[in-house]
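Residue numbering restarts at 1 for every chain, and letters A, B, ... go by the order of the sequence lines.
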There are 2 protein chains.
Amino acid sequence: MTSLEELKARIKDLEEQLALAKSKKSDNAPVREKIAQMSSEVVDSNPYSRLMALKRMGIVDNYEKIRELSVAVVGVGGVGSVTAEMLTRCGIGKLVLFDYDKVELANMNRLFFQPHQAGLSKVAAAANTLIDINPDVEIETHNYNITTIENFNHFMERIRQGSLSDGPVDLVLSCVDNFEARMAINTACNELSQTWFESGVAENAVSGHIQLIIPGETACFACAPPLVVASNIDEKTLKREGVCAASLPTTMGIVAGFLVQNTLKYLLNFGQTTHYLGYSALTDFFPTMQLKPNPACDDSFCRARQSEVAARPKQATPEAEDVVEEVVVHEDNEWGISLVDETPAETFSEIQNKPAGLAKGIDVAYELPSASSGDSGPTVQDTDVSLEQLMAQMKKI
Amino acid sequence: MTSLEELKARIKDLEEQLALAKSKKSDNAPVREKIAQMSSEVVDSNPYSRLMALKRMGIVDNYEKIRELSVAVVGVGGVGSVTAEMLTRCGIGKLVLFDYDKVELANMNRLFFQPHQAGLSKVAAAANTLIDINPDVEIETHNYNITTIENFNHFMERIRQGSLSDGPVDLVLSCVDNFEARMAINTACNELSQTWFESGVAENAVSGHIQLIIPGETACFACAPPLVVASNIDEKTLKREGVCAASLPTTMGIVAGFLVQNTLKYLLNFGQTTHYLGYSALTDFFPTMQLKPNPACDDSFCRARQSEVAARPKQATPEAEDVVEEVVVHEDNEWGISLVDETPAETFSEIQNKPAGLAKGIDVAYELPSASSGDSGPTVQDTDVSLEQLMAQMKKI
């Protein structure tokens with residue numbers, strides 16, 4: 001027999017289950033209303049109070065300017081997804097996302113995507129989550145590979161016209177995992193004179209880096225020898241059956257953190273934007289440096305941008321003075337790159353597994369697997385191919 | 001009047017709503033099944049393939065051991081929630097979570113929590129999400145403040161018996177935001193001889209640190225002067241109406257990344273676990289150091305642990321040799337702390353806003369607001385109170 005008490009208990013139980021079910025992922029309705037203007041008001045319901053507090057703390061003068069800014073994130077994987085989430089939570093005006101991959105359970109060892117999103121395109125899944133987190137951010141997605149000719153032209157157009165005011169985006173963040181995509185971004189940004197950050201994480205999951213590239217002012221991706229690619233000749237076969245690179249949510253989260261932190265510093269004009277920041281997880285070592293552009297760069301737009309910079313009247317800004325004061329080391333290295341070393345010399349000995357023949361003070365974009373990693377594939381050390389030969393091979397691609 | 005029929009109708013309605021809510025969720029994609037054993041198989045459906053690849057890459061010998069390990073995370077806020085998510089995605093055996101706070105929209109400027117979770121307890125909301133991400137992880141939650149006497153005793157018990165095998169957890173991670181909670185963790189860990197990591201992020205959002213504490217072997221939280229607390233005397237009033245600290249998803253994500261990366265190195269025995277790692281976001285500066293325990297520490301259990309360590313027969317392990325080789329600097333500073341400086345001396349000049357009177361090479365646990373931050377509250381520089389007076393004040397708390 002069913003008593004009133006039993007029915008009431010059943011109702012209470014069902015109500016709890018329903019509340020829990022509703023509190024889980026809801027893909028349709030945005031959970032909070034849009035907020036017209038960023039406020040500093042300190043109430044639990046204000047998602048911007050802790051960001052606007054950066055003004056009161058004397059860190060950022062004009063935090064609310066972030067709502068006018070647009071950033072393109074190319075590659076929405078382990079680094080790019082966290083990058084997009086951080087910018088969304090910071091209240092960026094607009095994100096333009098590019099990726100052609102699908103979410104897989106094999107991606108669950110990095111932050112951001114969840115198992116229920118497996119099978120969705122990364123850009124669609126990301127946009128869904130990001131809009132839930134912050135409906136004030138405008139999100140534009142492109143589910144394609146930027147390296148095909150047709151897509152590349154569209155990619156260029158979105159970089160040039162993708163901002164909130166239909167002008168160029170304020171910054172491009174490269175979070176891709178392969179050489180071709182990096183070169184495509186480099187080519188586009190040199191032609192458009194578009195400032196961008198390159199980022200990367202090593203195949204062995206324990207190192208990474210970010211690098212600011214201002215066409216004509218700093219080395220572009222074609223100026224500096226992308227030694228990684230030259231040495232890790234397995235790259236194209238990474239996704240073949242039975243072989244996969246290692247990755248960790250820690251390393252990828254840290255690299256995304258460095259990328260967005262320096263993006264904020266660059267766009268909101270506080271602190272010092274670091275030109276190259278490396279991260280070696282095994283020893284907690286963080287090399288920094290600046291790479292000057294290569295006058296003999298293969299990319300004609302890079303050389304054109306360098307000429308424009310050289311023709312500029314010198315301004316007596318503090319930053320310009322800093323550059324003048326820097327001591328240029330290795331003026332005459334084999335690649336014609338002038339490199340300004342920002343890391344104390346004695347700590348450089350901590351960089352592990354540098355390819356033989358690399359000038360002191362030049363870092364590789366990705367750390368090579370350590371000598372103890374017996375079966376991690378061919379490296380410069382255990383093949384007979386010289387760096388020069390590898391560079392030549394790479395240029396043929 | 002409540003009739004049986006009305007109650008039955010209400011039940012039917014709730015059952016339908018629940019079915020709808022559940023079907024919506026399973027429409028999108030099922031949350032994955034538990035996986036009995038970690039596999040290295042490289043298929044898109046294997047969430048552990050990129051982690052197990054750390055073995056093939058020669059980074060970690062026995063990655064699957066992580067499933068036997070248990071970690072307590074105290075504080076599930078901006079750092080603790082990301083810490084718990086990273087460990088969950090890495091496939092940790094068990095997490096024990098402690099927090100007494102609720103999710104608010106004002107937390108949405110950090111990673112992890114989402115607006116639809118506002119109002120839920122942080123531990124319940126976190127457990128919900130973490131189980132969706134990885135159902136293989138066992139999650140135990142405690143929704144209470146560890147600093148009350150009754151809760152503290154229960155907290156101690158769970159540290160001592162909270163592992164998968166009902167023994168002590170393998171590591172405690174402190175992700176709390178206040179002095180009392182840090183001291184409670186310190187007291188418990190000294191008594192239990194429990195190794196833990198302390199972590200923290202500055203009120204101005206642009207610096208943070210992690211610190212490994214092995215009772216008797218390294219300085220405990222009471223050994224080293226917690227200068228932050230002494231200088232940031234506003235701490236207790238942080239949550240009052242109209243005042244709030246700044247925070248950024250970048251800084252908190254990076255500190256969580258450092259914390260979990262060093263947790264993995266420590267628990268899975270690869271690379272070098274860093275004893276103290278600081279992060280200064282404005283300049284991308286990363287000080288490291290080791291702090292030796294203070295023989296005159298106020299905590300009697302710390303002194304007892306130091307005696308035990310001193311009585312141990314010296315082992316000729318590589319690690320022990322390293323310690324012997326280290327040059328101890330500042331042997332006779334005013335706090336009786338022996339400090340091993342791991343950062344090249346000349347880079348120390350980059351630490352900004354050190355309180356006057358601090359010995360060279362000793363870092364503060366949190367960076368003080370810069371001199372330019374006019375209205376950020378009293379600091380050592382702009383009060384007439386000496387460090388000694390502040391330390392004395394602090395000890396009275």
Side-chain angles (χ1 to χ4, degrees), chain A residues 7 10-11 14 17-18 21-22 27 31-32 42 44-47 49-51 53-54 56-59 86 89 104-106 108-109 114-116 118-119 132-133 204 206 242 244 246-247 249-250 253-254 257 260-261 271-272 274 277 281-284 286 344 346-347 369-370 372-373 375-376, chain B residues 7 10-11 14 17-18 21-22 25 28-29 31-32 42 44-47 49-51 53-54 56-59 86 89 104-106 108-109 114-116 132-133 204 206 242 244 246-247 249-250 253-254 257 260-261 271-272 274 277 281-284 286 344 346-347 369-370 372-373 375-376:
Chain A
L7 289 175
R10 173 76 179 139
I11 287 174
L14 281 168
Q17 283 188 51
L18 185 61
K22 283 184 172 174
D27 275 335
V31 187
R32 76 161 168 85
V42 182
D44 286 343
S45 57
N46 178 8
S49 58
R50 311 289 167 88
L51 295 165
L54 289 163
R56 196 176 54 248
M57 293 278 176
I59 303 296
M86 286 176 171
R89 291 183 183 269
E104 306 286 359
L105 284 183
M108 294 305 137
N109 68 320
Q114 297 196 10
H116 68 86
D132 275 357
I133 291 171
N204 66 4
V206 288
C244 85
S247 59
T250 44
I254 289 163
V260 177
Q261 197 84 287
Q272 296 164 26
T274 302
L277 175 59
L282 295 182
T283 54
D284 283 326
F286 304 87
E346 67 268 42
T347 64
S370 79
S372 63
S373 56
D375 53 350
S376 60
Chain B
L7 289 176
R10 174 76 180 139
I11 285 173
L14 282 168
Q17 283 189 51
L18 185 61
K22 282 184 172 173
K25 192 155 172 286
N28 291 339
V31 171
R32 78 165 169 85
V42 182
D44 286 343
S45 57
N46 178 8
S49 58
R50 310 289 167 86
L51 295 165
L54 289 163
R56 195 176 55 248
M57 292 279 175
I59 302 297
M86 286 177 170
R89 291 183 183 271
E104 307 286 359
L105 284 183
M108 293 307 136
N109 68 320
Q114 298 197 10
H116 67 88
D132 276 357
I133 291 172
N204 66 5
V206 288
C244 85
S247 57
T250 44
I254 289 164
V260 177
Q261 197 84 287
Q272 296 164 25
T274 302
L277 175 59
L282 295 182
T283 54
D284 282 325
F286 303 88
E346 66 269 41
T347 64
S370 78
S372 63
S373 56
D375 52 351
S376 59

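The shortest heavy-atom contact between S49(A) and A106(B) is OG-CB, 3.9 Å. Residues M108(A) and P47(B) approach most closely at CB-CB, 4.2 Å, considering heavy atoms. Taking all atoms of both residues into account, the shortest heavy-atom contact from L282(B) to I59(A) is CD2-CG2, 4.4 Å. Across T283(B) and T274(A), no two heavy atoms sit closer than the pair O-OG1, 4.3 Å.
Annotation: side-chain hydrogen bond (donor to acceptor under 3.5 Å, both in side chains) contacts of R89(A) (sequence neighbours excluded): E85(A).
Only the side chain of L277(A) comes within less than 4.5 Å of a heavy atom of chain B; its backbone N, CA, C and O stay farther away. Using a 4.5 Å cut-off between heavy atoms, I133(B) contacts chain A through both its backbone and its side chain. For N46(B), the part lying near chain A is the backbone, with the side chain staying farther off; criterion is any non-hydrogen pair under 4.5 Å.
With rounding to the nearest 0.5 Å, the separation of CD1 in I11(A) from CG in L7(B) is 4.5 Å. Taken to the nearest 0.5 Å, the CG atom of N204(A) stands 6.5 Å off from the CE atom of M57(B).
Heavy-atom pairs under 4.5 Å with chain A peak, among P115(B), S45(B), A281(B), G257(B), at P115(B).
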